[in-house]
2 protein chains.
Amino acid sequence: MQPIQPAPAVSQPSVVIATSTPATMSAPVPVPITCADTPTVSQLVSKPQTGVVDEDGINLEEIREFAKNFKIRRLSLGLTQTQVGQALTATEGPAYSQSAICRFEKLDITPKSAQKLKPVLEKWLNEAELRNQEGQQNLMEFVGGEPSKKRKRRTSFTPQAIEALNAYFEKNALPTGQEITEIAKELNYDREVVRVWFCNRRQTLKNTSKLNVFQIP
Amino acid sequence: MQPIQPAPAVSQPSVVIATSTPATMSAPVPVPITCADTPTVSQLVSKPQTGVVDEDGINLEEIREFAKNFKIRRLSLGLTQTQVGQALTATEGPAYSQSAICRFEKLDITPKSAQKLKPVLEKWLNEAELRNQEGQQNLMEFVGGEPSKKRKRRTSFTPQAIEALNAYFEKNALPTGQEITEIAKELNYDREVVRVWFCNRRQTLKNTSKLNVFQIP
DNA sequence: CACATTTGAAAGGCAAATGGAG
DNA sequence: CTCCATTTGCCTTTCAAATGTG
């Protein structure tokens with residue numbers, strides 16, 4: 001058994017978000033026939049012409065920052081979007097589905113929606129982290145999740161962890177048992193999880209290059 | 001308040017599944033470069049050359065029939081795929097996610113997987129229906145779902161209901177209040193749900209034809 | 001009622017986990 | 001442990017049910 005999941009040093013980002021390729025995107029768009037669709041936060045935030053504050057006085061930059069951190073903190077607690085959505089339903093405030101959580105994290109929603117959702121998520125997450133400090137048993141009780149069964153729950157790595165793993169992989173795709181142990185310790189993930197990650201990574205790479213043999217356009 | 005959801009006469013299908021367009025499907029497929037991917041049940045069942053029984057002695061026809069009925073019965077109980085998955089996790093047998101339930105219903109799995117899943121779902125569903133007869137309170141307790149809150153739970157119509165609604169719509173896209181009441185009663189859905197369905201249907205139709213004005217290829 | 005918008009259930013993509021063979 | 005095929009779940013996306021406004 002293992003204490004739910006890691007808590008990979010919630011350090012400062014250090015990973016600039018790379019505001020997607022700016023300009024140069026005026027290619028023959030597939031056909032945006034929609035009338036006047038309200039833009040999403042991620043769309044607005046990626047073209048800083050408007051500054052950080054939306055016309056309705058909403059601080060887009062702040063929301064972007066929070067959304068990013070929310071994801072990291074959620075994953076650090078070892079929770080899925082589904083669990084958050086479900087737990088939210090059980091609390092006093094408004095309820096939201098897994099889809100809603102997903103959209104918020106990806107900022108694939110209107111500023112108005114984001115503004116409404118942010119305090120709800122913020123409050124909930126703080127509460128969840130508090131419970132977690134008092135022991136993971138409290139956390140699981142809070143989110144109402146069963147201890148799971150047979151199959152191991154699929155772990156979701158934080159963006160940082162993925163990046164680190166890829167870096168290691170690039171340097172050495174076939175680490176020894178010793179090295180795996182070290183990496184696992186460094187990233188604060190279960191050793192087995194890291195080992196399997198390398199196996200799967202090699203497998204994917206192999207399959208990918210196999211396809212390239214056919215030279216698909 | 002309302003008793004969870006309808007139980008639209010779980011009568012005999014009467015709606016032949018129309019085993020997808022047979023033959024004539026040898027169009028220039030996008031590129032199935034996969035090595036030798038095990039075919040899914042739906043793929044196998046749609047080309048009856050092999051008969052109803054798989055090479056491993058699995059009765060595909062039976063599985064198809066069950067999958068279809070499973071969906072109807074699930075919806076009749078007013079349950080979502082997510083709820084089934086979650087409830088399954090809480091029981092003794094193996095646990096499965098919403099994705100797994102989805103794949104089973106669409107038969108988007110290998111015969112082997114389907115064979116494994118079928119008894120699990122069958123047993124669970126029987127139990128669920130039993131609880132439901134003893135009062136919906138029992139059912140909700142069984143699936144462990146909260147009574148929900150603010151926003152009304154999105155209703156999912158059974159395939160039959162959809163078909164019937166479309167038939168009505170084709171005859172008359174703007175039914176009177178009286179007619180709506182009758183349709184709702186006939187299909188055993190909440191009147192309001194039916195009314196909104198017609199509103200949304202008209203809206204969708206309008207938007208769709210608006211697009212056609214541009215004559216998209 | 002029409003219409004724009006918000007939001008969730010179902011479905012799809014990718015990859016974490018599993019299991020068999022070496 | 002490895003490789004490899006396969007199973008299965010988390011996250012994402014689509015489409016439409018629900019909501020809000022005139």
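Each chain gets a letter, A, B and so on, in the order its sequence line appears, and its residues count up from 1.
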Taking only side-chain N and O atoms of A:Lys116, does any of them lie within less than 4.0 angstrom of OP1 or OP2 on C:dT7? yes
Picking from D:dT8, C:dG8, C:dT18, which would you name as closest to the side chain of A:Ala100? C:dG8
Could you tell me whether the phosphate oxygens of C:dA17, OP1 or OP2, come under 4.0 Å of any side-chain nitrogen or oxygen in A:Thr155? yes
According to a strict under-4.0 Å criterion, is A:Ser156 in side-chain N/O contact with OP1 or OP2 of C:dA16? no
Check every strand shown and say whether B:Arg202 touches a base, only sugar-phosphate, or nothing at a heavy-atom separation below 4.0 Å. sugar-phosphate
If you count the non-hydrogen atoms of other residues, nucleotides and ligands that lie under 6.0 Å from NZ in A:Lys118, is the total more than 12? yes
Side-chain N or O of B:Lys206 versus OP1/OP2 of C:dC3: is the shortest distance under 4.0 Å? yes
What is the nucleic acid contact for B:Ile109, judged by heavy atoms within less than 4.0 Å: base, sugar-phosphate only, or nothing? nothing
For A:Gln81 and for B:Gln203, locate the closest nucleotide of DNA chain D by heavy-atom distance; then report the residue assigned to the nucleotide nearer the 5' terminus. A:Gln81
At under 4.0 Å, does any side-chain N or O of B:Arg201 touch on OP1 or OP2 of D:dA16? no
The residue, A:Glu105 or A:Arg154, whose nearest nucleotide of DNA chain D is more 5′ is A:Arg154
Donor-acceptor pair under 3.5 Å, B:Asp108 side chain vs C:dA11 base: no
Checking contacts here: which listed nucleotide (C:dG8, C:dA11, D:dT13) is nearest the side-chain heavy atoms of A:Lys106? D:dT13
Can you find a donor-acceptor N/O pair under 3.5 angstrom joining the side chain of A:Arg151 to the base of C:dG19? no
D:dT7 OP1/OP2 closer than 4.0 Å to side-chain N/O of B:Thr110: yes
Testing D:dT2, D:dA17, D:dT7 for proximity to the side chain of B:Lys112, the answer is D:dT7
For B:Tyr189 and B:Ser156, the nearest pair of non-hydrogen atoms, with its separation, is OH-O, 4.1 Å
Less than 3.5 Å between a donor and an acceptor, one on the side chain of A:Arg103 and one on the base of C:dG8, is that the case here? yes
Scan B:Ser99 against the nucleic acid and name what it touches under 4.0 Å (heavy atoms): base, sugar-phosphate only, or nothing. base
Looking at A:Arg74, does any N or O in its side chain come under 4.0 Å of the phosphate oxygens OP1/OP2 on D:dC10? no
